[in-house]
Amino acid sequence: MKFGYFDDANREYVITTPKTPLPWINYLGCNDFFSLISNTCGGYSFYKDAKLLRLTRYRYNDVPMDINGKYLYIKDGDTIWNPGWEPVKTDLDSYECRHGIGYSRFTSSKNDVQASVLTFVPMNDTCEVSQLKLTNNSSEEKTLSVFSYVEWCLWNADDDSRNFQRNYSTGEVEVVGSTIFHKTEYRERRNHYAIYSVNAEIAGFDTIREAFLGSYRGAYEPEAVEKGACTNSMASGWQPIASHQLNITLAPGETKSYVFVLGYIENPEEEKWESYGVINKTRAYAMLDRYKTDADVEKAFAELNDYWKKLLSKYTVKSSNDKVDRMVNIWNQYQCMVTFNMSRSASYYESGIGRGMGFRDSCQDLLGFVHLIPDRARERIIDIASTQFQDGSAYHQYQPLTKKGNSDIGSGFNDDPLWLIAGTSAYVRETGDTTILTDMVPFDNDESVATPLMDHLKRSFDYIVNHKGPHKLPLIGRADWNDCLNLNCFSEHPGESFQTFGPSEGPVAESVFIAGMFVKYGEEYAQLCELMGDTAEAERARKEVAIMYDAILKDGWDGEWFVRAYDAYSHKVGSKECEEGQIYIEPQGFCVLAGVGVKEGLAEKALNSVKEKLDTKYGVMILQPAYTRYHVELGEVSSYPPGYKENAGIFCHNNPWVSIAETVIGRGDRAFEIYKKTCPAYIEDISEVHRTEPYVYSQMVAGADAKFFGEAKNSWLTGTAAWTFVNVSQYILGVYPTHTGLSINPCVPKGFGDFELTRQFREGSYNIKVVNPDNVEKGIKSITVDGKPVEGCVIPYVKGKETYDVVVTMG
Ligand code: BGC
Ligand code: IFM
């Protein structure tokens, strides 16, 4: 069942009923100011950091779900309704929500009044703009009132949700004309405030929540709206809100338009006060001035659209397959931008107060983002590397505002160091900018101990070399990519999640997955060394990689597939010898994509085992058989009921690893089959089963052992976005940036047909035509550039050359 449809021409998903299985959200904002907005206008806004600078309040895990948003109420006689249906939930005569790229548009009607709300965050500004257009489609004059409503969050969302004894007395507001100022905390050390304003004269306002909603009432039945009048209440403590009242008369056929601005203002310290106690409002008024007319809004909206049009033109495909084109050209890249911005901080499943930026997560997000805005990727790499420790290990997470490592979580996830090599290598391959490698980067944000980025990468590499276990495989530490594989924690903290205790690196538990990563990113490190002219270091790196390769074949191979790990007793994990959890997806995907076992014929065996043991109609499960009981020596992985999350769920993040691995051995049919199973556009028709948004990936789909097999969770903020984009763009469609030029080597299913690609790579625009006369899955017969043949698959990069017309013949 579908709850909407894709409008590819407008790059929108059009939701046709507010009653989607779960809130289906969108993200507004590209740089510093962000909003989450659901298809019923739920959501919240923040500046830079969803924990520390939250503008509006949201209540997670509430009933009814998705409560609190930026609501507009329309009172037309006795009928009160909202363009997004929530919170009053009056039946609408028509409803449509279009989630677009960086904006959402709601168009609804009731009793011959049509409301259209366009909401977006303008480029390079710190506000959300909502343009409301009201049209009277009846033959009578209509007298209406419109009420806005936002509930302020008292900035630190964590404190806001706990520290009531203080916070009920800190709230401060000011109202000047149509602008409501939220000034809480301004009087002490802060220099920021928020505004909510409308570009029209108001008939009234409220800033006290109870005055607007009434006692013992919620946003679904605001008393002021029922009575038809705000009370001009001035908050002092408790829960400040902002509501405007507009009284509107509409002649038959007439449309009137209003612009609401929710903004974040930061004053330099010296301009904080006009005189003590009177905040300096210059910046606020300047912001409002930028959006005072419809023409201003349209201009800002056009700028946003142009920006995205340009970004999304960096990689495009035109094939005979609409669904692939739609994901590649629009939604997958859009999700990559969102994961780049948010890491794992704020979604409808991440509260914005827990995780900030993940070291591992953000490095992987870069892989799908780096071609979009390489400069921002560069900055991010430096930020991430600055949280590394001198021994090469790293804080697992850091806070977006302060950029400081999070000491509550600490370090000890032994895959982390290698992801820094992955992200940096992707950046340098994309841009050719080797200057980043000589940039001085601090350790643990301490400028007094800075070394060139290249040295950070060396320390990443050596961290693995210096932390090996009895099988010469990398020590896993607290966990590797699989956060829940806690093989060293059992003795000290049985049954606890890693988030509740400190680092504990055990001496013996080892990870075959990290070994596979080391082979892949060790080689990428060696290539970077060569680029820097350090051939001796490149040679050393390759020797270490060869040693690791042999260790995998010796003790990481189980006969039919790769072993997952060795626990603290040196017992195998993910082996036929195990009672449960005999095969795991991660080492099969990652070892093969790193090339391990390809020439020995093991890769094919491993991937056949994946198909036989882990495959389902909804994707490839992370492990089988599921753990049916808690295994103290394995940790959190066995704490989930069978079929959920890391215990035999379908982790969408590592499905692309297996798909990439299939392309490495040339099986295009199978690679594409795996791609399709978790691909949103392909499962739109089963939205009632899948339940999360059909335009973006979710982290997890419940596996075959689960009660709700096929149901997805944790949409939006997942490494799946980057990895599926890497898979489809670099391996299936086959356009892979190398240090010396763009490599083109597609691996497609039979019958995929010819296709065209455009790719911006450094300063060149590549127009690529791929023809496949023999209908092969992989193989290049010839490549020509501007009519001249090229040897091999790599189109040599020519400095300064602006266009490349490429014809690729598969065969
Ligand atoms: C995993 C969860 C786990 C959490 C905390 C996440 O990365 O996906 O399954 O519960 O870490 O341990
Ligand atoms: O690898 C992790 C990631 O960092 C956060 N989400 C879950 C993944 C698997 O545990």
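Interatomic distance, CZ of Phe3 versus CD of Glu693, reported as 12.5 Å (0.5 Å rounding). Between atom CG of residue Asn341 and atom CE of residue Met357 there is a gap of 8.0 Å, rounded to the nearest 0.5 Å. To the nearest 0.5 Å, atoms OG1 (Thr616) and CD1 (Ile650) are separated by 3.5 Å. Residue Lys713 holds its NZ atom at 8.5 Å from CZ of Phe708, rounded to the nearest 0.5 Å. Taking OG of Ser511 as the start and CG of Leu487 as the end, the distance is 8.5 Å to the nearest 0.5 Å. Atom-to-atom distance recorded for Asn727:CG and Leu733:CG is 9.0 Å, nearest 0.5 angstrom.
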Going through the distances and angles, do Lys613 and Gln582 end up as a side chain to side chain donor-acceptor pair (under 3.5 Å)? CA-CA 10 Å; Lys613 307 220 172 251; Gln582 294 175 339; 5.6 Å; no
Derivation and outcome, side-chain contact (heavy atoms from CB on, under 4.5 Å), residues Leu420 and Leu457: CA-CA 7 Å; Leu420 183 62; Leu457 302 189; 3.8 Å; yes
Begin with the C-alpha distance, continue with both residues' side-chain angles, and end with the deciding distance and a verdict on side-chain contact (heavy atoms from CB on, under 4.5 Å) for Arg564 and Asn482. CA-CA 11 Å; Arg564 177 62 176 86; Asn482 188 331; 3.4 Å; yes
Could you walk me through whether Ile37 and Leu28 pass the side-chain contact (heavy atoms from CB on, under 4.5 Å) check? CA-CA 8 Å; Ile37 182 165; Leu28 314 178; 3.9 Å; yes
I'd like to know whether Phe590 forms a side-chain contact (heavy atoms from CB on, under 4.5 Å) with Val512, so could you lay out the CA-CA distance, the side-chain angles of the two residues, the decisive distance to 0.1 Å, and finally the verdict. CA-CA 9 Å; Phe590 228 90; Val512 177; over 6 Å; no
Between Trp308 and Tyr103, does a ring pair (Phe, Tyr, Trp, His ring centres under 6.0 Å) hold up when you go through it step by step? CA-CA 11 Å; Trp308 271 107; Tyr103 67 90; over 10 Å; no
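Side-chain atoms of Asn26 and Tyr334 form a donor-acceptor pair, as typed in the model, at a separation below 3.5 Å. A side-chain donor-acceptor contact under 3.5 Å links Ser460 and Gln388. The closest side-chain donor-acceptor pair between Ser343 and Asp361, if any, does not fall under 3.5 angstrom. At a cut-off of 3.5 Å, with distance as the only test, a side-chain donor of Thr20 or Asn39 sits close to an acceptor on the other residue. Gln364 and His653 form a side-chain donor-acceptor contact under 3.5 Å, judged by distance and modelled atom types alone. Asn647 and Ser638 form no side-chain donor-acceptor contact under 3.5 Å, judged by distance and modelled atom types alone. Side-chain N/O atoms of Tyr695 and Glu12 include no donor and acceptor closer than 3.5 Å. Side-chain atoms of Asn655 and Thr678 form no donor-acceptor pair, as typed in the model, at a separation below 3.5 Å.
Taking 4.0 Å as the cut-off between side-chain N and carboxylate O, Arg360 and Asp415 count as a salt-bridged pair. A salt bridge is defined here as a Lys NZ or Arg NE, NH1 or NH2 lying under 4.0 Å from an Asp or Glu carboxylate O, and Glu524 with Arg429 meets this definition. Here Glu711 pairs with Arg691 in a salt bridge; the nearest charged N to carboxylate O distance falls below 4.0 Å. Here Asp365 does not pair with Arg380 in a salt bridge; the nearest charged N to carboxylate O distance is not below 4.0 Å. Using a 4.0 Å cut-off between charged side-chain N and carboxylate O, Arg667 and Glu777 make no salt bridge. Salt-bridge annotation for Lys778 and Asp669: absent, with no side-chain N of the basic residue lying under 4.0 Å from a carboxylate O of the acidic one.
The backbone N or O of Tyr584 lies less than 3.5 Å from a partner atom in the side chain of Gln588, making a donor-acceptor pair. Put simply, the side chain of Gln335 gets close to the backbone of Tyr697: a donor and an acceptor are under 3.5 Å apart. Within the 3.5 Å criterion, the main-chain N or O of Asn10 finds a donor-acceptor partner in the side chain of Asp7. Distance alone, capped at 3.5 Å, places no donor-acceptor pair between the Asp705 side chain and the Ala626 backbone. For Arg344 (side chain) and Gly356 (main-chain N/O), no donor-acceptor pair under 3.5 Å exists by modelled atom type.
The environment of NZ in Lys314 is crowded: more than 12 heavy-atom neighbours from other residues, nucleotides or ligands sit within 6.0 Å.
Between Trp331 and Phe725, the distance from one ring center to the other does not fall under 6.0 angstrom. In this structure, Tyr675 has its ring center under 6.0 Å from that of Phe672. For an aromatic pair to be called close, the ring centres must be under 6.0 Å apart, and Phe518 with Tyr521 fails this. The six-membered or imidazole ring of Phe413 lies near that of His396, with a centre-to-centre distance under 6.0 Å. Taking the six-membered ring where the residue is Trp, the centroids of Tyr349 and Tyr60 are separated by 6.0 Å or more. Aromatic pair Trp716/Tyr27: ring centres closer than 6.0 Å.
The nearest pair of heavy atoms linking Tyr307 to Cys30 is CE2-SG, 3.8 Å. The two atoms that bring Val770 and Pro746 nearest to each other are CG1-CG, 4.2 Å, heavy atoms only. The minimum heavy-atom distance between Ala721 and Cys336, with the atom names listed, is O-SG, 3.5 Å. Taking both residues in full, the closest heavy atoms of Ser45 and Phe33 are given as CB-CZ, 3.9 Å, listed atom of the first, atom of the second, then distance. The two residues Cys484 and Tyr640 make their nearest non-hydrogen contact at SG-CE1, 4.0 Å. Here the shortest heavy-atom pairing between Ala422 and Leu367 reads O-CD2, 3.6 Å.
Partner Ser698 forms a side chain to side chain contact (heavy atoms under 4.5 Å, CB included) with one of Asn714, Leu717, Thr718, Thr692 and no other, that one being Thr692. Among the candidates Gln333, Gln760, Gln730, the single residue satisfying the side chain to side chain contact (heavy atoms under 4.5 Å, CB included) test with His371 is Gln333. Of the listed residues (Asn332, Ile732, Val328), just one forms a side chain to side chain contact (heavy atoms under 4.5 Å, CB included) with Thr724, and that residue is Asn332.
Legend: residues meeting ring-ring contact (aromatic ring centres under 6.0 Å, His included) with Tyr644, ordered by chain and number and at least two apart, are absent. Gln399 meets the side-chain contact (heavy atoms from CB on, under 4.5 Å) test with Asp49, Lys51, Leu52, Thr402; sequence neighbours excluded. Under the side chain to side chain donor-acceptor pair (under 3.5 Å) criterion, Tyr682 pairs with Asn321, sequence neighbours left out.
The aromatic rings of Tyr58 and Tyr348 lie tilted to each other, with the angle between the two planes from 30° to 60°. Relative orientation of the Phe513 and Trp481 rings is tilted, given thresholds of 30° and 60° on the angle between their planes.
With a 6.0 Å cutoff to the six-membered ring centre and a 45° limit on the axis angle, Arg759 does not count as a cation-pi contact of Tyr315. Arg376 forms no cation-pi arrangement with Phe340, by the criterion of a distance under 6.0 Å to the ring centre and an angle within 45° of the ring axis.
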